[in-house]
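All of these numbers come straight from a predicted model, not from anything done at the bench. The basis for the numbers below is simple: all heavy atoms, side chains too, and nothing from hydrogens, waters or symmetry mates.
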Amino acid sequence: MNTRAAVPAGIPVSTLDYYADAAIRDPYPVYEEIRALGPLVYLAQHDLYAVPNYAEVSHVLRHPEFFSNARGVSPLQKVNDILVGSTLNSDPPSHDRTRAITAEPLLPGALGVVEGRIREAADGLIDTLCQRGEFDAVKDFARYLPVTIVAELVGLPPAVDSEQMLKWASATFNLFGDENQRTLEAYENLKDLRDFLREYGRPEKLKDGGWAKRIFEVGPERGISYETCAQLMRDYINPSLDTTISTSGQLIKLFAENPGEWAKVRANPDLVNNAIEEAVRIAAPVRGWTRYVAQDAELAGHLLPAGSRVLVMFAAANRDPVKFPDPTRFDVTRDVHDHVGFGQGVHMCMGMHLARLEMQSLVHALRRRVEGFTLTAPPVVALNNTISGYQSMPVRVTLGAEASARPEAQAVENPWLEVRIAARRPAATDIIALELVSADGSPLPAYEAGAHVDVYVQSGLIRQYSLTGDPADRSRYRLGILLDPASRGGSSAIHARFAEGQQIRVGRPRNHFPLQPAYHTILFAGGIGITPMLGMAHALEAQGASWELHYCGRTPDRLAFAEELAAFGAKVQRHVDSGPDAQKLDIARVLAGPEAGRHLYVCGPNGFMDFVTESAAAQGWDKAQVHLERFGAEVNTDGAPFTVIAQRSGKSFEVAPGETIAQKLEENGIAVQVSCQSGVCGTCVTRVLEGMPDHRDLVQTDLEKAANRTITVCCSRSKTKRLVLDL
């Protein structure tokens, strides 16, 4: 703020210096001092309204329309003038566009590709440290994965070393405090980052396959300018380091101070994940940063004027006794799934899944070898305006008498297959056919008609495509891929880059669209929807079954695999919009006289599928006889109305276009934990008992989405008119 407005009556005022060295070295008494004054306290020295309690912090984080990041998160306007427009310093919809690009490699489905490397690196590190017996839990332990494996995945040029990255990360977080010596030094340190981005913020300077270069590959396809792509590299350089390093070091300290909790983790590996969440709660890496009050907003019973700034005290909220009983006690069995250590709302920490994977890998490796930890000297606090952590932490480990079995010794089937593109051919206008064979000559896993595979396009980009052709041919897989004009990076990248002879990675076949026994089967395909139907045609013909296929398209050149389909004779009928009336689809005739032994399969664009299914319903077809495979639905916030039944609560309600399931659950008094509200955290994942979700989240893996057993109620909808949830 340029001028200070009068503090609203009734809000207590404190002269405390939140960014003083003493407050950073020992922050928890400071948090309690502010909490004792009230749920909303004016910090006169910083011209900030501080919120120390969980309820108010959660409210602020969930309402960016009132408490905005778009004017920056620093108390200093000159800092915000520099950083506004970055993913953190923005609000939807611009925030969503940039985050969708940088977050994709950090989501669980994408991280599965690198999980083995991270676990192997963690195992090797712990082996080395255990042989030494004594080490620094910050420099030797906590920093290792972020500045080695993760830095490699980002793919920065050799001109950047780990110490430089650490300096930039620390400087960035120092800018989120008041104007003190640390802030002034941060300005100087970040001049190097500015110069680096100018020199190396170009795709030709970055490593192939790295996350940084991927921004330049995906960004322009989604309307992001070249200049913005260069700035988005900061999303990987800065946040990927200090927060993870902070919590990893805190874990060692907490286990050393609470040997009984470490014994529980050693005895029960299922507690590892919860122990990490409890560490993030009790020793939150981010002390707090600010949000701009975009319009007059009520908070804790007071009206804050537009133009104010609110200090969101993450670390204090995580120790709020109203939310977390006995909050200073480290308890690895505590239910802490809704802490704010990773934030909440649309700005929830982008790298939290990567941070969890790193820490889980380290703790699993430790529990197999280490019986206990001893701090050999007091840890030295790292003074930073925003990050709570340590500069050094000498520790000695006592090794267990016998190391437990490593998980890698167990036989685990690799979910990925290495294959080679044996042939690439045009199948129709804008459609290519890829023939895939095993890279090492081994047999490919068998599959049944209707199956599909995941295709690993690049880091953070995995797409599903149906297997097409004859399922009895075990020598190859074949895919038909349409160049989607609305591509979000999948089909466009495959058309541009996948070449004959290239080795790629695909998932093992999965089938959620299988054929059912029937005395007669009717197949409907629209455009690229022919891919699963062609496999079904081959399978039905091999069985000697009764069947017919109706293939619809705008023009003849857009109907794929024409020669192969012609071999089935009159069983395949083509219907072209641009052709004569005699060959056009008479759907009422085809679907007339539904009988119990007939089954109908539909695949293609959503409009085509809706047309066929609505026609079937009008003709009296039972829903159990109609089977669908939906392709390429773009994520959006609208959709047809549907009914949700909360089975355990005995309630049902309608979800209208523009509404979310979570909103309606809350309106009907059904408790469900919701955090990010945009499908990136997984807090609200709920079990599905009946119906088919329309998945719009970014947190579930492709396998989880394909199974349709769970749904993120904060953002997803339903493909069926009725959705039954275990609530």
Side-chain angles (χ1 to χ4, degrees), residues 24 27 57 61 69 73-74 83 86-89 99 102-103 105-107 111 118 137-139 141-151 153-154 162 165-177 182 186 211 234-254 273 275-290 312-318 336 339-345 347-363 379 381-391 393 675-676 680-681:
I24 294 173
V57 165
L61 296 176
N69 276 31
V73 301
S74 173
L83 298 179
S86 67
T87 303
L88 175 61
N89 295 274
R99 179 172 176 134
T102 52
L106 301 171
L107 296 171
L111 288 174
I118 291 176
V138 177
K139 298 174 183 176
F141 170 77
R143 290 181 181 174
Y144 181 77
L145 290 180
V147 301
T148 54
I149 298 296
V150 176
L153 294 173
V154 173
S162 60
M165 289 183 68
L166 289 167
K167 186 169 71 171
W168 287 340
S170 177
T172 298
F173 286 111
N174 268 324
L175 290 180
F176 297 160
R182 283 183 290 276
W211 296 344
R234 293 184 302 189
D235 287 359
Y236 295 137
I237 295 173
N238 298 334
S240 63
L241 299 176
D242 280 30
T243 50
T244 307
I245 292 169
S246 167
T247 306
S248 299
Q250 294 276 13
L251 273 167
I252 298 294
K253 182 173 182 288
L254 289 166
N273 294 1
I276 290 167
E277 299 302 314
E278 172 71 341
V280 175
R281 179 199 70 82
I282 200 171
V286 177
R287 298 174 63 232
W289 52 53
T290 79
V312 186
M313 299 175 63
F314 301 96
N318 272 355
V336 287
H339 64 75
V340 293
F342 290 124
Q344 278 186 357
H347 289 285
M348 201 162 185
C349 176
M350 183 178 73
M352 61 185 172
H353 302 298
L354 174 60
R356 284 169 170 150
L357 174 58
E358 292 176 66
M359 290 186 283
Q360 290 163 8
S361 301
L362 290 169
V363 175
V381 172
L383 295 177
N384 188 283
N385 287 331
T386 304
I387 294 293
S388 176
Y390 293 94
Q391 181 178 322
M393 186 186 298
S675 191
C676 71
V680 299
C681 73

**Request:** Ignoring hydrogens and angles, tell me if any N or O in the side chain of Arg287 forms a donor-acceptor pair with the backbone of Met313 under 3.5 Å.
**Result:** no

**Request:** Before giving the answer on side chain to side chain contact (heavy atoms under 4.5 Å, CB included), spell out for Lys253 and Tyr390 the whole-Å C-alpha distance, their side-chain angles and the decisive distance to 0.1 Å.
**Result:** CA-CA 10 Å; Lys253 182 173 182 288; Tyr390 293 94; 3.2 Å; yes

**Request:** Evaluate the side-chain proximity of Arg143 to Leu166: yes if any heavy-atom separation is below 4.5 Å, no if none is.
**Result:** yes

**Prompt:** For Ala315, what residues pass the side chain to side chain contact (heavy atoms under 4.5 Å, CB included) criterion, not counting sequence neighbours?
**Reply:** Tyr31, Ala284

**Item:** Side-chain donor or acceptor of Ser246 paired with backbone N/O of Ser388 under 3.5 Å
**Value:** yes

**Prompt:** With a 4.5 Å limit on heavy-atom distance, are the side chains of Pro285 and Val280 in contact?
**Reply:** yes

**Asked** Does Thr102 offer a backbone N or O that forms a donor-acceptor pair with the side chain of Tyr236 under 3.5 Å?
**Response** yes

**Fill in**
Across all chains, not counting sequence neighbours, the side chain to side chain contact (heavy atoms under 4.5 Å, CB included) partners of Leu251 are Phe255, Ile276, Ala279, Met359, Val363

**Item:** Least distance between heavy atoms, Asn318 atom then Gly341 atom
**Value:** ND2-N, 3.3 Å

**Message:** Tell me whether Thr172 contacts the main-chain N or O of Trp168 through its side chain, where contact means a donor paired with an acceptor under 3.5 Å.
**Reply:** yes

**Message:** Ignoring hydrogens, what is the shortest heavy-atom contact between Leu106 and Gly351? Give both atom names and the distance.
**Reply:** CD1-CA, 4.2 Å

**Request:** Take Val73 and Val312 through the test side chain to side chain contact (heavy atoms under 4.5 Å, CB included) and record every step on the way to the result.
**Result:** CA-CA 10 Å; Val73 301; Val312 186; over 6 Å; no

**Approximate separation, where rounding is to 0.5 Å, of Gln360 CD and His353 NE2** = 11.0 Å

**Asked** Got a second to check how far Ile118's CD1 is from Leu111's CG, nearest 0.5 Å?
**Response** 6.5 Å

**Prompt:** Closest approach of Met348 and Gly343, non-hydrogen atoms and distance?
**Reply:** CE-O, 3.5 Å

**Request:** State which residues pass salt bridge (charged side-chain N to carboxylate O under 4.0 Å, His left out) with Arg281; sequence neighbours excluded, sorted by chain then number.
**Result:** Glu278

**Item:** Matching residue for Asn69 among Leu88, Leu61, Asn89 - test: side-chain contact (heavy atoms from CB on, under 4.5 Å)
**Value:** Leu88

**Separation between CG of Leu254 and CD1 of Ile282, rounded to the nearest 0.5 Å** = 6.0 Å

**Request:** Rounded to the nearest 0.5 Å, what's the gap from CG on Asn385 to CZ on Arg182? Could you check?
**Result:** 4.5 Å

**Working for side chain to side chain contact (heavy atoms under 4.5 Å, CB included), residues Asp235 and Met350** = CA-CA 9 Å; Asp235 287 359; Met350 183 178 73; 3.8 Å; yes

**Item:** Backbone of Leu83 reached by a side-chain donor or acceptor of Ser86 within 3.5 Å
**Value:** yes

**Prompt:** How long is the gap from CG on Leu145 to CG on Leu354, to the nearest 0.5 Å?
**Reply:** 9.0 Å

**Asked** Does Thr386 have any side chain to side chain contact (heavy atoms under 4.5 Å, CB included) partners at least two apart in sequence or in another chain, and if so, which?
**Response** Phe173, Phe176, Val286, Trp289, Asn384

**Asked** With sequence neighbours left out, what residues match Phe342 under ring pair (Phe, Tyr, Trp, His ring centres under 6.0 Å)?
**Response** His339

**CA sep, side-chain torsions, deciding dist, call: Asn273, Arg356, side chain to side chain contact (heavy atoms under 4.5 Å, CB included)** = CA-CA 8 Å; Asn273 294 1; Arg356 284 169 170 150; over 6 Å; no

**Set of side chain to side chain contact (heavy atoms under 4.5 Å, CB included) partners for Ala186, sequence neighbours left out** = Ala171, Asn174, Leu175

**Prompt:** Taking side chain as C-beta onward, heavy atoms only, is Ser74 less than 4.5 Å from Thr290?
**Reply:** no

**Message:** Please report the interatomic distance OG1(Thr247) to CE(Met352), rounded to the nearest 0.5 Å.
**Reply:** 13.5 Å

